[in-house]
Number of protein chains: 2
Amino acid sequence: MAGVSTQTVSRVINDRPDVSPQTRANVKKVILDLGYSPNTIARSLSRGRTNTLGVVGFGLKYFGPSSVLTGIERKANELGFSIILTLCEQFEGGDTDQVLLQLSAQQVEGIIWAIPGFIDSLDPSRMVKEKLTIPIVYLNRDCLNSSVVVSMDNRSGGYIATEHLFEQGYHKIGIITGPKTWWEANERLIGWREVMREKNFTDIDDLIFEGNWEAESGDRGFQTLKSKNPDLDAIFVSNDQMSLGVIHAANRMGISIPDKFGIVGFDDLPESSFYIPPLSTVKQDAKKLGALAVTRLVEWIESESDQECDTQEKNLVSPELIIRQSSVREKALISHT
Amino acid sequence: MAGVSTQTVSRVINDRPDVSPQTRANVKKVILDLGYSPNTIARSLSRGRTNTLGVVGFGLKYFGPSSVLTGIERKANELGFSIILTLCEQFEGGDTDQVLLQLSAQQVEGIIWAIPGFIDSLDPSRMVKEKLTIPIVYLNRDCLNSSVVVSMDNRSGGYIATEHLFEQGYHKIGIITGPKTWWEANERLIGWREVMREKNFTDIDDLIFEGNWEAESGDRGFQTLKSKNPDLDAIFVSNDQMSLGVIHAANRMGISIPDKFGIVGFDDLPESSFYIPPLSTVKQDAKKLGALAVTRLVEWIESESDQECDTQEKNLVSPELIIRQSSVREKALISHT
DNA sequence: CAAATGGGACCCCTTCCTACG
DNA sequence: ACGTAGGAAGGGGTCCCATTT
């Protein structure tokens, strides 16, 4: 190029051995002077590796998905991968195939499918998936076909939350779930169901309210459940936002928490400890989840061995119960009616 | 390749005119059969255009940045651009240069610098900026050098919030700001100051508390301000999370909102209408902000004319005051939203 | 001289291979 | 033989230009 040679430069840039020290130093200086930076695009083309990952997400409206994305980005960066981000906020059926194809055309080396699992699935069609040879790691969903899935253990989350409420002396525990089309919502429901079965509850349908993740539906849920079950004295709420709605409604109706009514949420938003009363909740470490997904994906990519992933792996990350005031009856210092 | 010709294929793929209908149809069929998709990388290399934008963000912990990113992604997608995402959560000085260089090496056509403005800046060094010829649009920051900036009008947000509190009959209004190193925090403070000056307040330093955006600091801020100013009867809080902390503290101290104390927040989180009482707040349409940034950036890119951007443009997006109960003294009609 | 096609250089790197000291 | 440097061939497209009817 400028100083001395042509693709000795390449050797210098990639730290290859066979360049004499002085040449190397020389080239480096010229590079610096020129502010030269290698064209990654061209490199990718010739090397056949892009060091790029595709991430398909479902909007960043909620705290969880945002944290997951943060975890993904941080880890990818750490491992030397760039992220191409695509968001699918709406359910435009079949559209998902398009996204996958596009990402594939961009030569990403792997894809993280961070769209929450749905019953009436928003999945890429099998046809496209089979045509694509790119590794895909799925996040927070069921593990249907042979595929690698990384999930929060929502079921056990539901279980420990409900169990905790019983332990605190509450007797009849309802649940406000997320939309039942969501896999995560269902898993949390199943966890709750398990406890209820152990406690020999039958006929529990009236204890279930399907919310929509928004605070407003928690409010409605509380009213509905309480009117159907006057003796209801606690609810496991499937996320913290709806929990806020529940607190709101209880407050309006003069039902004091946690004395008369217990609540455990799910997520552990940063502000959950500042609700009134501070919310007990199941904490998901979403960043860790995202990081784990990347780790798995990169492992897969690096294991050049084209061992197709029949592994049908499922990696579960355990949530943790955070106990605050909304579910702890004895000696509750608050109570401001 | 397979069927008939070589880069007549190129013409077909790019919908060029000079291909006979039957050839076109033929080629299309073969493409479909083969499941062929053009290698975007190679195309970029030869076309010299990548249709890719780099986005540098500052973590997705808060609702605002997440919404901005959503807005960016949606708009970019709409305009046919992909997004390469980089997150800088920590202040590793000089590190930002690295990010910029990396993005430049990846041949992005433009960059959105979505790191909030700081006094002790986390900016790319001037050196690097000058070396780079890529268009950069900055988000939510001051407009120092000649550069294109898209911002929320934080100052007017602070102004209308404070003014509203006075109008509601509160007499002495404090402020809980964000960290004073943040440009946004300062702007909101300036808006508040303007109103205070108009109302002939002097000696207002004791009415200012510097929070850290977290709920916990709102709690502390309330206590501090209230103890310094027993007659304080309202606060403009620079975000909704800290507002929650304020509500929390007021509640604990038995100070009723809005009767004895008024609060206006900033952001309009989805759950703000479910605080107790529902929070009045300054709503920022962050998605719109993100979309606007992309629009500007793409305009700049497309205006191939290498007219350097001495424009020193500043695009302000106006926030909107949402009045709920936390700031409305007289018999409030109860309605959320 | 239209419209439809193919030839070849080129984008910017990397890698293999050869030639030099 | 050995360490070092350069030549040439792609990688998968696009574009300009020449060629065919």
Side-chain N or O of A/Y36 less than 4.0 angstrom from OP1 or OP2 on C/dC12?
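Indeed not, no polar side-chain atom of A/Y36 lies that close.
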
Any side-chain N or O of B/T8 under 4.0 Å from OP1/OP2 of C/dG6?
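It does, given that an N or O in the side chain of B/T8 lies less than 4.0 Å from OP1 or OP2 of C/dG6.
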
Interface polar pairs with nucleotides 14-18 of chain D, N/O, under 3.5 angstrom:
residue, atom, partner, partner atom, Å
D/dT14, OP1, B/N14, ND2, 3.0
D/dT14, OP1, B/R43, NE, 3.0
D/dT14, OP1, B/R43, NH2, 3.3
D/dT14, OP2, B/S10, OG, 2.5
D/dT14, O4', B/S46, OG, 2.7
D/dC15, OP2, B/R16, NH1, 3.1
D/dC15, OP2, B/R16, NH2, 2.9

Indicate the atoms forming the closest heavy-atom contact of A/N14 with A/R43, along with that distance.
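In this case the closest contact between A/N14 and A/R43 is OD1-NH2, 3.8 Å.
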
Heavy atoms only: give me the nearest A/L69-B/L85 pair and the separation to one decimal.
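Heavy atoms only, the tightest pair is CD2-CD2, 4.0 Å.
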
Flag side-chain contact, heavy atom, 4.5 Å: [X] against [Y]:
X: A/I83; Y: A/L53; answer: yes
X: A/T70; Y: B/K61; answer: no
X: B/S147; Y: B/I136; answer: no
X: A/I31; Y: A/I13; answer: yes
X: A/Y36; Y: A/V30; answer: no

Does B/T40 use its side chain to pair, donor to acceptor, with the backbone of A/A105 at less than 3.5 Å?
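Side chain of B/T40 to backbone of A/A105: a pair is present.
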
Return yes if some donor-acceptor pair links the side-chain N/O of A/R16 with the main-chain N/O of A/T8 below 3.5 Å, else return no.
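No, the answer is negative, given that no donor and acceptor are paired below the 3.5 Å cut-off.
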
Polar atoms only, N or O, under 3.5 Å: list the protein pairs with nucleotides 18-21 of chain C and their distances.
none

Are B/Q106 and A/S82 close enough that a side-chain donor and a side-chain acceptor fall under 3.5 Å?
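Note: B/Q106 and A/S82 side chains meet the donor-acceptor criterion.
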
Between B/Q22 and B/L45, just flag the one whose closest nucleotide in DNA chain C comes earlier from the 5' side.
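Upstream on the strand: B/Q22.
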
Run A/Y138 and A/W183 through ring-ring contact (aromatic ring centres under 6.0 Å, His included) and show every step you take.
CA-CA 13 Å; A/Y138 296 86; A/W183 175 79; over 10 Å; no

Atom-pair distance ([atom1] on [X]; [atom2] on [N]), nearest Å:
X: A/R49; N: D/dG11; atom1: CZ; atom2: P; answer: 19 Å
X: B/Q106; N: C/dC13; atom1: CD; atom2: P; answer: 14 Å
X: B/N39; N: D/dG10; atom1: CG; atom2: P; answer: 18 Å

Compute the bend angle of the helix from C/dA2-D/dT21 to C/dC20-D/dG3 from the end axes (five pairs per end), rounded to 10°.
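It comes to 50° between the two terminal axes.
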
